[in-house]
Structure formats: C-alpha cells, structure tokens
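Keep in mind that the numbers below use all heavy atoms, side chains included, and drop hydrogens, waters and symmetry copies. Counting from 1, the numbers follow the sequence of the chain as shown.
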Amino acid sequence: MSAIPAGTPADSGERAHRLTETIFRVRELGIILALALLVGFTAAMEPRFVEADNLRNLALNASIFAILAAGQTLVLITRNVDLSVSSVLGLTAFMAGTLLSNSPGTPIVLVVLLGLAMGGAAGAVNGVLVTFGRVPALVVTLGTLYIVRGIAFLWTDGRQVNAETLPDGFLDLGTRTLLGIPALALIALLVVVVVGAGLRDLRSGRELYAIGSNPDAARLAGVRTGRRVFTAFVLSGALAGLAGVLFTARFGTVDATAGTGYEFTVIASAVVGGVAIFGGVGTVYGAAIGAVLLSTITSSLIVLKVDAFWQQASIGALLLLAIAFDRFVGLRLDAALRQRSARRAG
C-alpha cells in the first residue's frame with residue numbers, strides 16, 4: 001500500500017488529528033496533576049483525608065461513575081449524548097435488589113447478566129430512535145430518561161430494597177477488597193481497560209472516532225454509521241445496567257430515585273477527562289480519570305466543610321472550562337489548516 005503523499009488533504013487531516021490527540025493527551029496528564037494537587041492540598045488541611053479508609057471510599061465512589069463514563073464516552077465520541085444512563089441505573093439497581101431479596105439463591109452472575117440485558121435493551125431503544133428515527137440524541141435520551149424513571153416509580157410503588165434482605169455474598173461485592181483495592185474499583189478498571197482496548201485496537205472502535213470527526217466523510221468511506229452509533233448506545237445502556245447492579249451491592253438500600261442526577265456528573269466526567277463534546281476526540285481513560293477527579297472534588301469539599309453550593313459550582317465551572325478548551329482547540333486547528341492550504345494554493 002502506498003503512503004499518503006505529503007501535502008495532500010488527507011495528510012493534513014492526519015497531522016491535525018495527531019496534533020489534536022497530543023493536545024488531549026497532555027490534558028489528561030494535566031488532570032492527573034490537578035488530582036494530585038487536590039489530594040495534597042486537602043491532606044495538608046485535613047490529614048485524615050488520605051487515611052486508608054477514606055481512600056477506599058474515594059475509590060468506591062468513583063467506580064460507579066467510571067463505569068458509566070466508559071459507556072458515555074462511546075456515545076460522545078460519535079457526536080451524540082446519552083442522558084438516560086442514570087434512570088437505567090436506577091431501574092436495574094431495583095431489579096437486582098428485588099430479585100435477590102425475593103430469591104436469595106439466585107446466582108450473582110445471572111443478576112449481572114440481567115442488568116446488562118436490561119440496560120442494553122434501553123440503549124437499543126435510544127439507538128433505534130437516533131439512527132433510524134433521525135431524532136436528535138439529546139431529545140431521545142431526555143425522553144427515555146423520564147420514561148425509564150417513570151417505569152421505576154411504577155415498579156417500586158413506594159417500596160425500597162434494604163440491605164438486610166440481600167444475601168451477604170452479593171453485598172460483599174461492595175465491601176470486598178483484593179490486596180487492599182476494592183473489588184468495585186477493580187471491576188471498573190477492567191471495564192475501562194476493555195473499552196479502551198476496543199476503541200484503540202478494533203476497527204469498529206476506530207470507526208466511532210471517524211464518525212465523530214466527520215460523519216459525512218465516514219459514510220462516504222464506507223463506514224456503517226447507523227450500525228456503529230446504534231452499537232454505541234447499546235453498550236452505553238449495558239454498562240449503565242452493570243453499574244445499577246453494582247450500585248445495589250455498594251449501597252444495599254435502593255428505591256426509585258437511585259442514581260438521580262448522575263447523568264450530569266457522568267457527562268462532566270467524560271468532558272473534563274478530554275472527551276470532546278463535539279465528538280471524534282478523547283479516550284475512556286481520560287473519562288475515568290475525570291470521574292475520579294470529580295468524586296475527589298466532592299469528597300474534598302465535604303471534608304473541608306465547604307457549602308454544598310460550591311461543590312456543584314466547582315463541577316459546573318470545570319465543565320464549562322473543558323468545553324471552552326475543546327472549542328478553542330478546534331478553532332485553532334481549523335484556522336491553521338486553512339492557512340496552510342492557502343499558502344500551498346498560492
């Protein structure tokens with residue numbers, strides 16, 4: 001296969017893509033640095049913040065968001081968004097709790113598979129409406145957010161699942177550690193690594209980036225954009241279902257409001273972690289780091305006894321800065337490519 005000649009539009013596009021990826025890699029390193037500085041500052045103010053028990057709780061709190069952020073990354077990369085993940089989490093969390101309360105002998109693997117299936121079905125509905133119905137993802141997933149939450153309220157009918165009715169083996173998932181690392185954190189890490197490897201190594205994963213970068217060009221290049229976007233929504237829903245099952249194992253007590261508001265934190269985690277809201281750029285690793293950062297910010301401000309308003313305001317400010325940064329990088333790259341093309345044409 002012949003190399004792409006230097007100076008062609010394809011060559012310029014490839015260089016622009018590499019430059020964009022480099023910038024966002026540096027951004028991920030910046031997030032890690034910000035996380036280290038935050039932990040260091042909080043520890044200086046309150047030494048108990050870095051005690052083993054507190055660090056363990058930080059890892060547990062970030063694990064659910066990291067799994068949700070992994071699924072959200074798949075959708076965001078394609079220039080879409082999935083607002084329904086929090087409601088899917090709530091529904092599958094109650095399903096897991098109800099099933100295990102009524103039938104304590106049910107294998108945990110079966111409960112996990114049912115959670116994945118329920119979440120995947122919800123994601124399939126989103127995918128069909130977005131890809132075949134041509135309805136904007138924001139509108140579709142906002143609608144399914146309320147529909148799924150409504151189903152949860154009808155199902156629960158005011159009831160809640162309590163930890164004392166759940167089998168100890170299931171609850172151990174939320175408390176067990178391996179070499180001092182919480183099992184939930186290891187599961188989240190496994191999910192992030194698998195999704196990250198798929199995006200990097202599989203053709204279907206790379207095609208998601210192509211769709212997000214330029215949907216029309218991807219379609220002309222033979223990418224089955226509808227199928228790929230549909231799959232992204234199914235996987236996002238399935239991971240939300242998995243997160244719901246693990247949510248029940250983590251907290252034990254579940255009702256119809258489980259996970260309410262999580263969707264905004266998940267999107268913020270991905271965007272702050274370098275996943276461009278305009279699609280085509282970002283990694284699941286950055287999204288996971290973003291989830292850890294936002295969870296740490298919340299815990300840090302609680303430890304420092306900062307008003308709840310500032311906890312929300314800080315996350316909102318980070319999200320706005322991240323979106324502004326994405327837009328700035330995109331405009332600068334477009335301007336640089338136009339100038340380069342003009343010089344060559346001259």
Side-chain angles (χ1 to χ4, degrees), residues 63-75 80-132 137 140-161 165-167 169-171 173-174 184 187-188 190-191 194-195 229-263 266:
S63 297
I64 302 296
F65 287 114
I67 293 171
L68 292 171
Q72 191 71 234
T73 298
L74 296 170
V75 176
N80 289 290
V81 67
D82 188 356
L83 296 174
S84 67
V85 291
S86 60
S87 295
V88 173
L89 179 149
L91 186 66
T92 55
F94 190 77
M95 177 278 297
T98 301
L99 179 58
L100 288 168
S101 294
N102 295 335
S103 304
T106 304
I108 295 175
V109 172
L110 177 59
V111 178
V112 171
L113 291 176
L114 285 174
L116 288 168
M118 285 183 66
V125 172
N126 289 331
V128 167
L129 293 174
V130 170
T131 58
F132 301 107
V140 169
T141 59
L142 182 62
T144 52
L145 179 152
Y146 288 110
I147 291 171
V148 174
R149 186 66 68 183
I151 293 172
F153 273 101
L154 285 174
W155 188 6
T156 59
D157 193 26
R159 295 173 291 125
Q160 72 173 26
V161 174
T165 64
L166 297 174
F170 179 68
L171 292 175
L173 273 178
L184 281 186
I187 293 172
L190 177 62
V191 168
V194 169
V195 174
V229 172
F230 173 81
T231 302
F233 274 104
V234 171
L235 291 175
S236 176
L239 289 177
L242 171 63
V245 175
L246 297 178
F247 180 96
T248 303
R250 165 79 174 97
F251 296 104
T253 301
V254 180
D255 59 20
T257 63
T260 299
Y262 276 23
E263 67 277 4
V266 170

Practice prompt. Could you walk me through whether V254 and Q160 pass side chain to side chain contact (heavy atoms under 4.5 Å, CB included), step by step?
Written response: CA-CA 6 Å; V254 180; Q160 72 173 26; over 6 Å; no
Item to complete: Verify side chain to side chain contact (heavy atoms under 4.5 Å, CB included) between S84 and N126, making sure each step is shown before the conclusion.
Response: CA-CA 9 Å; S84 67; N126 289 331; 3.0 Å; yes
Practice prompt. Walk me through it: do L171 and R250 pass the test side chain to side chain contact (heavy atoms under 4.5 Å, CB included)?
Written response: CA-CA 7 Å; L171 292 175; R250 165 79 174 97; over 6 Å; no
Worksheet entry | T73/V195 under side chain to side chain contact (heavy atoms under 4.5 Å, CB included): CA gap, chis, key distance, verdict | CA-CA 9 Å; T73 298; V195 174; 5.9 Å; no
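Between F247 and A258, the shortest heavy-atom contact is CE2-CB, 3.7 Å. Closest approach of A243 and I67 over heavy atoms only: CB-CG2, 4.2 Å. Contact detail for V191 and A70: the closest heavy-atom pair is CG1-CB, 4.1 Å. Residues V88 and G237 come closest through the heavy atom pair CG1-O, 3.9 Å. Considering every non-hydrogen atom in both S87 and V148, the closest pair reads O-CG1, 3.5 Å.
The CH2 atom of W155 sits 5.0 Å away from atom OG1 of T98, with the distance rounded to the nearest 0.5 Å. Summarising the geometry, atom CD1 belonging to I151 is positioned 12.0 Å from atom OG1 belonging to T156; distances are rounded to the nearest 0.5 Å. Expressed to the nearest 0.5 Å, how far CG of L142 lies from CD of E263 amounts to 9.0 Å. To the nearest 0.5 Å, atom CG of residue L235 and atom CG of residue L239 are 6.5 Å apart.
Checking V161, L166, T248 one by one against L100, the side chain to side chain contact (heavy atoms under 4.5 Å, CB included) holds for a single residue, L166. With F233 as the fixed residue, the side chain to side chain contact (heavy atoms under 4.5 Å, CB included) test singles out one of T131, T141, L74: T141.
When atom types are taken as modelled, the side chain of R149 and the backbone of L91 share no donor-acceptor pair closer than 3.5 angstrom. Put simply, the side chain of T92 never gets that close to the backbone of G115: no donor and acceptor are under 3.5 Å apart.
For S236 and D82, the side-chain atoms include at least one donor-acceptor pair closer than 3.5 Å.
A search for ring pair (Phe, Tyr, Trp, His ring centres under 6.0 Å) contacts involving Y262 returns F65, not counting sequence neighbours.
Under the 4.5 Å side-chain criterion, counting only non-hydrogen atoms from C-beta, L145 is in contact with S86.
Listed by first and then second residue, the side-chain hydrogen bond (donor to acceptor under 3.5 Å, both in side chains) pairs involving residues 100-119 are S101-T165 (not counting sequence neighbours).
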